[in-house]
**Student:** 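First, the structure itself, so that you have it in front of you.
Just so it is clear, the values below take in all heavy atoms, side chains as well, and ignore hydrogens, waters and symmetry mates. Just so it is clear: chains get the letters A, B, ... in the order the sequence lines come, proteins before strands, and each one is counted from 1.
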2 protein chains.
Amino acid sequence: MNVSREQMVENRRRILEAAGRLFRARGFEAVTVAEVMREAGLTHGGFYGHFRSKDDLIATTLAELVVAPEPELTALSDYAARYLSPGHRDNPGGGCPVAALVSETIRQAPEARAAMTEGLRRQIARLADGADAADSEAARQAAIGSWAAMVGAMIFARMSDDPDLSDEVLAQTRAWIARAIPAGAAE
Amino acid sequence: MNVSREQMVENRRRILEAAGRLFRARGFEAVTVAEVMREAGLTHGGFYGHFRSKDDLIATTLAELVVAPEPELTALSDYAARYLSPGHRDNPGGGCPVAALVSETIRQAPEARAAMTEGLRRQIARLADGADAADSEAARQAAIGSWAAMVGAMIFARMSDDPDLSDEVLAQTRAWIARAIPAGAAE
DNA sequence: TGATATACATGATGATGGTCATGTTTAGAG
DNA sequence: CTCTAAACATGACCATCATCATGTATATCA
């Protein structure tokens, strides 16, 4: 059984898409190579024709997820309001790869950490553009501080087994960011 | 070979201490039962005399770490300044169990999530006490928002493979929290 | 159209690690 | 002083996976 060149490209795309979804939903460790391939409509054996190892898949998947074009430029507090929604919390597999995977990335191979670090850099730059602060230094501070709060709050909200506390963390963090931003701008 | 009652209590304590350190340093998955026992000065076989399973160990360890008495009450921004230090970043095994383990706890057994959720509740209450805000609602908002930012920033700083970016995340988040708190109080 | 390279399927291999079975020694009770 | 229960050591078991070996069919090129 062989397959056309374009079919192969398509297969690789499907593998990365399945990996992106599964990794975000269940973490790197819990997802098996065989499972990714099954989700992509293939069997496990063909995997090593596309990637050198599972580590390679992880790094490549992160690199793809992280350079994904964000919507358009938005005001920082608008972005935070959309980010910190119950819908996002309840859909990790389709949501922000940072909230789902930063923590595990700490112990991944250097290539994976490099991809995630690059994603962090870009996100800070993007958010700083959306923070209308007094100067660019204040904008960068607001971007870093509120991005950390967004990701931290999303992780808290997903971890909590108490739905009320989970909702409250999202709502209060939204309010906290909205309130803190003008303060940064006024300085 | 038998062992005195107090020796057994001591052994259990050592197992939990080793587990706390290893889990924080390397995560739940990467640490083996045999390794925890070795660190505690025992062999793997005795483990099941103390805990029903590895999941049980995880939940018990989290419960212990989470009720650990925090230093004294401090002002929120002082707490943040100590929390967001390079020393803390570089010592995950001896540091905050939340920053090291929240994210993985999402996929752990219900008992583990319950323990971590309880820890989150307590920490929010503690920090709200330290936030001298206008009213208790504002204090709670500051506590949640800045706790999310602290944990998110610590995770970012540990993940980054770029030391400058890592340091910047800590410093800017410290500054962001210090700046945001009086704003919350003034409101 | 025929030859060949290759993408993928099937199945095996080897390592890892959670858990259990069994044995031994001694703390603690009578 | 005995007897027994239990805490721990040793060693095995079994499932899970990542990875590799081999086979097969077909896309591509001459």
**Student:** Residues of residues 42-55 of chain B with any non-hydrogen atom less than 4.0 angstrom from an atom of DNA chain C: list those, numerically ordered, please.
**Tutor:**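 Per residue number, the list reads B:His44, B:Tyr48, B:Ser53, B:Lys54.
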
**Student:** Rounded to whole angstroms, how far apart are CD on B:Glu10 and P on D:dC8?
**Tutor:**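 So the CD-P distance, B:Glu10 to D:dC8, works out to 11 Å.
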
**Student:** How long is the span from the CZ atom in A:Arg26 to the CZ atom in A:Arg21, to the nearest 0.5 Å?
**Tutor:**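 Separation between the atoms: 10.5 Å.
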
**Student:** Could you pull out all residues at least two apart from A:Arg38 that satisfy salt bridge (Lys or Arg N to Asp or Glu O under 4.0 Å)?
**Tutor:**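 Salt bridge (Lys or Arg N to Asp or Glu O under 4.0 Å) check on A:Arg38 returns nothing, list empty.
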
**Student:** List in chain and number order the residues that pass side-chain hydrogen bond (donor to acceptor under 3.5 Å, both in side chains) with B:Arg122, two or more places apart in sequence or in another chain; answer none if no residue qualifies.
**Tutor:** B:Glu118

**Student:** B:Ala109 and B:Asp55: which non-hydrogen atoms are nearest, and at how many Å?
**Tutor:**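 Taking every non-hydrogen atom into account, CB-OD2, 4.3 Å.
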
**Student:** Rounded to whole Å, how long is the line connecting atom CE of B:Met8 with atom P of D:dA7?
**Tutor:**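 Rounded to the whole Å, the gap is 4 Å.
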
**Student:** Could you pull out the protein-nucleic contacts involving nucleotides 27-30 of chain D (nitrogen or oxygen on both sides, under 3.5 Å)?
**Tutor:**
residue : atom : partner : partner atom : Å
D:dT28  : OP1  : A:Arg5  : N            : 3.2

**Student:** Do the side chains of A:Phe51 and A:Leu42 join up, straight or via other hydrophobic residues, at under 4.5 Å, putting them in one cluster?
**Tutor:** yes

**Student:** State the CD-OG1 distance between A:Gln141 and B:Thr173, to the nearest 0.5 angstrom.
**Tutor:** 8.5 Å

**Student:** Do the ring planes of A:Trp147 and B:Phe156 sit parallel (below 30°), tilted (30 to 60°) or perpendicular (above 60°)?
**Tutor:** parallel

**Student:** Just to verify, what does A:Arg113 make a side-chain hydrogen bond (donor to acceptor under 3.5 Å, both in side chains) with, not counting sequence neighbours?
**Tutor:**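 By the side-chain hydrogen bond (donor to acceptor under 3.5 Å, both in side chains) rule, A:Arg113 matches no residue at all.
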
**Student:** Is A:Arg121 atom CZ crowded by more than 12 heavy atoms from other residues, nucleotides or ligands, each under 6.0 Å away?
**Tutor:**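 Enclosed.
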
**Student:** Does the side chain of B:Asn11 get closer than 4.0 angstrom to OP1 or OP2 of D:dA7 through an N or O atom?
**Tutor:**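 False: B:Asn11 side-chain N/O out of range (4.0 Å or more) of D:dA7 OP1/OP2.
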
**Student:** Is it true that A:Ile124 and B:Met150 fall in one hydrophobic cluster, defined by side-chain heavy atoms closer than 4.5 Å?
**Tutor:**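 Linked, A:Ile124 and B:Met150 end up in one cluster.
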
**Student:** Just to be sure I understand the geometry, which residues of residues 13-41 of chain B put a non-hydrogen atom under 4.0 Å away from DNA chain C?
**Tutor:** B:Val31, B:Thr32, B:Val33

